[in-house]
Each structure stands twice: as structure tokens, then as C-alpha cells.
Amino acid sequence: MKRQKLSDADKAIIDGWVAQLPPMIARRAVRFFLGGVVSPNVLCNNDCKGTGPRGAVRVGKDIVYPTRHLLEWLAETRGLNAITNIQSLEGVIELSGGKAVPLPPWRRTASDGHTAGSV
């Protein structure tokens, strides 16, 4: 997979996303935090080939990635459109004490401001 070089504008977009996400993302949670643009299986296969995101660390049974390296890898391999199509994590995660905490589906807000379960 050929990697694209990131411009300063691309890095600025990634900086904005890094501020909204937790500092590390587990491979098994990547679908949730990145809106399904990449699967854990793709990351696993790329890690085995040595072409995955930099800085992967094993924590117990999980593999976690530094968020910045994961987003840079995604932008370099799939293009920045993969992450810029997701406008905001507002209503999907809650920042609690500086940490991103996934909201359960019944607490997530729809684009019209109503909770997902309300009419």
C-alpha cells in the first residue's frame, strides 16, 4: 500500500481530531471511534505485514495505538476523506475529566438534537 505524504493542512485537520479523541485507541474499539472507516482486521493484517500504524503497544490482550499515529496512518493510506467525512463526535462521546467516554446508544443525540431513542 503506497502512502501519501501529508501536507500541513492535512496535519491541522488531524490535530483537530486528536483533540476530540482519547490519547490511545484499542484495535477492537477502532470501528467505534473512527466511525467504521477501518476495521480491526485490516489493522491486524497491516501490523503483521509491518505496514500498520506506528507505535502499536500490547496492553494485556489488547493492542492499542496512539491516536495521532492511527489517524496519520489512515490519512496516508486511505486519504484524508476517510476521516473528514465524520464531522463531529458530539453526541457520540462525552468528554469526562478530559477522557472520551463512549455514550450508550440511548444517550446519543441525533442531528436534530433529539436523543436517538426519542421521537
Specify the closest pair of heavy atoms between Ile14 and Ala75, including all atoms of both residues, with the distance to one decimal. CD1-CB, 4.0 Å

Could you check if a side-chain atom of Thr51 sits within less than 4.5 angstrom of a side-chain atom of Thr77, using non-hydrogen atoms only? no

For side chain to side chain contact (heavy atoms under 4.5 Å, CB included), just list the numbers for Leu34 and Leu71, CA-CA rounded to whole Å, side-chain angles, deciding distance to a tenth of an Å, and then say yes or no. CA-CA 9 Å; Leu34 299 181; Leu71 292 175; 3.7 Å; yes

Nearest heavy atoms of Ala56 and Pro66, plus distance in Å: N-CD, 4.5 Å

Within the 4.5 Å heavy-atom criterion, are Val42 and Arg78 side-chain neighbours or not? yes

Taking side chain as C-beta onward, heavy atoms only, is Pro53 less than 4.5 Å from Glu72? no

Would you give the length of the straight line joining atom CZ of Phe33 to atom CG of Leu70, rounded to the nearest 0.5 angstrom? 11.0 Å

Less than 3.5 Å apart, which donor and acceptor atoms pair up between the side chains of residues 22-29 and the rest of the protein, not counting sequence neighbours?
| residue | atom | partner | partner atom | Å |
| --- | --- | --- | --- | --- |
| Arg27 | NE | Tyr65 | OH | 3.1 |
| Arg27 | NH2 | Asp47 | OD2 | 2.7 |
| Arg27 | NH2 | Tyr65 | OH | 3.3 |
| Arg28 | NE | Asp62 | OD1 | 3.1 |
| Arg28 | NE | Asp62 | OD2 | 3.3 |
| Arg28 | NH2 | Asp62 | OD2 | 3.2 |

Side chain to side chain contact (heavy atoms under 4.5 Å, CB included) evaluation trace for Ile63 with Leu43: CA-CA 10 Å; Ile63 302 295; Leu43 288 170; over 6 Å; no

Would you sort out whether Asn46 and Trp73 count as a side chain to side chain contact (heavy atoms under 4.5 Å, CB included), showing the intermediate values? CA-CA 11 Å; Asn46 278 279; Trp73 174 84; 3.8 Å; yes

Is there a side-chain contact between Arg31 and Val38 in this structure, where contact means two heavy atoms from C-beta onward sitting under 4.5 Å apart? no

Give a yes or no on whether Val64 and Leu21 share a hydrophobic cluster (residues Ile, Leu, Val, Met, Phe, Trp, Tyr; joining criterion: side-chain heavy atoms under 4.5 Å apart). no

Applying side chain to side chain donor-acceptor pair (under 3.5 Å) to Ser7 and not counting sequence neighbours gives Asp10

